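In this text, all values refer to a predicted model and were calculated from it rather than measured experimentally. Here, residue 1 is the first one in the sequence, and each next residue gets the next number. Atoms considered below: every heavy atom in the structure, side chains included; atoms not considered: hydrogens, waters and symmetry mates. As the structure lists them, so they are numbered: ligands from 1, and atoms in each ligand from 1.
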Amino acid sequence: MQPKHFLTTQDWSQEALSQLLQLANLYKRNPVNTVLRNKTIALVFFNPSLRTRTSFETGVFQMGGHAVVLSPGKDAWPIEIETGVVMDGDAEEHIIEAAKVLSRYCDAIAVRAFPKFQDWQQDRQDKVINAFAQHASVPVINMETVVHPCQELALMQTIHEQLGTPQGKKFLLTWTYHPRPLNTAVANSALLIASKFGMDVTLLCPTEEYLLDQRYMQAARDNVSQYHGSLNITHDISSAYQAADFVYAKSWGALPYFGNWEAEKPIRDQYRHFIVDQEKMALTNQASFSHCLPARRNVKVTDAVMDADYCVAIDEAENRLHVQKALLDTLINRSL
Ligand code: CP
C-alpha cells in the first residue's frame, strides 16, 4: 500500500488540515517529547534554506528523533530524475534507487526541489517530488517545489492566532517587486490555503501576466465554492488593501516570460511601487502583515512595516516548527 504523503494541501481535506493545526497548537505548548524516538527523517535539499532546514532539524531533535540532511550534488551523489535515460552525464544514481534506499533507512523523506526556471511546462510537472512519492515506501513531505505546503500550514496557524476563525475574513495576497524572478510556490500555496479555509481572497498583481498557473487559480475557485469564500482578482492597489484583515506579500516571476527573464525585467521594473508600506497598510482593517521570509527590506516591504507590531512574519516562521511536528507525528505515527 502507498504511504500517505504531504505533497500539496489540495490532497488533504479542510478537516484533516484543521486536525494538523490543532495538533500543532498542542506542540506549541509542549515542544519537547519522545514522539519520534528511534525515528529518522531524511531531509533532501536540492536548494538552499534557512527556516525549513532549521525548523525540521530542530523539530525532529525536540521530538527525540534524528534528521539526516542531504544535498544531492554537494554532499550526496547527483541524482537523475528522468526515466529511461542513458546516465552518461553528471548524475551518479537514479531517483528510483535514492527513494527506495532512503525508505529502508528512514521513516519519512522530506524534499526541497525548486523549479529550474527554464521551462514552466517542465517545472510545473514537479517531477522530483512526484518521483520520490512514487518510489518511496515511507511518507514524503514537500519542503517546497511548485507549492510550499508546510509554509501554508504555518501561515494558517498564524491567521488563526491573529483573526480567530478565518472564514469570511479578507485575505490579501499581493505581488511585490523583487530584482529577480522568484518561484511562484508560496503564492500558489497562499491561494490554496486561504481559499480552503473559506476566506475572502483578493489576489493583487500588476497585470494579467502575473496571474498564477491555471492549476492553482482553478483550485482556488473550487475551494471558495466548496468552503463558501470568494476570490477577487485585481490590479488596483487601493481597492485591494481596502478593509483587508490579513496582508500577505510575495514576489514571483510572470509565467508568460518563464525562462525568458530578460524580456520580463523591464516590465517588472515598472512595478516597484507594489512595495508594502505604511500608507497601504493604513487602508486595511488594522490588518496583520506577513511574509514567508526571506524578505528584502525596502524592496518588497518597508522597514516600518517589517518592524510594526502588526507584522507577524516571525510568528509564522516559528509556527513552521510546530506544524511540521504535527505533520511528522501524523504521517509516521497515526493511521490515516
Ligand atoms: N520560508 C522558507 O521556506 O524559508 P527558507 O527558504 O529559508 O527555508
Side-chain angles (χ1 to χ4, degrees), residues 6-9 20-21 24 28 41-62 67-75 108-117 123 126 128-129 132 140-159 161 173-176 178-194 212 216 246-253 276 288-297 299-301 305-306 311-328:
F6 187 69
L7 307 181
T8 164
T9 54
L20 282 178
L21 294 176
K28 193 162 185 168
I41 317 301
L43 305 177
V44 184
F45 283 96
F46 290 86
N47 310 95
S49 164
L50 185 148
R51 279 142 291 271
T52 303
R53 177 172 174 175
T54 311
S55 57
F56 264 104
E57 274 202 72
T58 304
V60 172
F61 172 75
Q62 290 180 347
V68 176
V69 180
L70 298 166
S71 299
K74 294 183 184 144
D75 57 17
I109 303 170
V111 179
R112 167 167 282 198
F114 289 174
K116 295 198 181 338
F117 285 100
D123 282 338
D126 226 357
V128 177
I129 193 95
F132 268 107
V140 171
I141 296 170
N142 187 336
M143 296 196 295
E144 190 175 352
T145 60
V146 296
V147 285
H148 197 350
C150 293
Q151 193 74 49
E152 289 179 51
L153 292 178
L155 168 60
M156 192 41 70
Q157 188 177 23
T158 310
I159 289 173
E161 289 168 350
L173 169 61
T174 176
W175 180 92
T176 54
H178 189 282
R180 289 191 297 110
L182 298 182
N183 197 354
T184 52
V186 170
N188 294 333
S189 277
L191 263 194
L192 293 183
I193 200 71
L212 297 163
Y216 304 106
F246 200 98
V247 175
Y248 203 57
K250 186 72 185 77
S251 190
W252 62 88
V276 182
S288 301
F289 168 80
S290 197
H291 186 284
C292 64
L293 304 179
R296 291 192 185 215
R297 282 175 173 244
V299 174
K300 286 176 164 182
V301 47
V305 171
M306 284 304 289
C311 176
V312 291
I314 304 300
D315 292 337
E316 183 179 330
E318 180 198 317
N319 286 339
R320 292 287 303 276
L321 187 60
H322 313 306
V323 298
Q324 288 159 194
K325 284 179 174 173
L327 184 61
L328 288 166

Using heavy atoms and a cut-off under 4.0 Å, could you grab the residues that are in contact with ligand 1, chain by chain, numbers ascending?
S49, L50, R51, T52, R112, H148, Q151, C292, L293, R320

Is any side-chain heavy atom of F45 closer than 4.5 Å to a side-chain heavy atom of K74?
no

With a 4.0 Å cut-off on N to O distance, would you call R53 and E57 a salt bridge?
yes

Note: L191 and L173 closest approach over all heavy atoms is CG-CD2, 4.2 Å

E316 and Q157: side chain donor to acceptor below 3.5 Å
no

State, with a plain yes or no, whether a side-chain heavy atom of L7 is found less than 4.5 Å away from one of P149.
no

We want to know whether T145 and D126 form a side-chain donor-acceptor pair, criterion being a heavy-atom distance below 3.5 angstrom.
yes

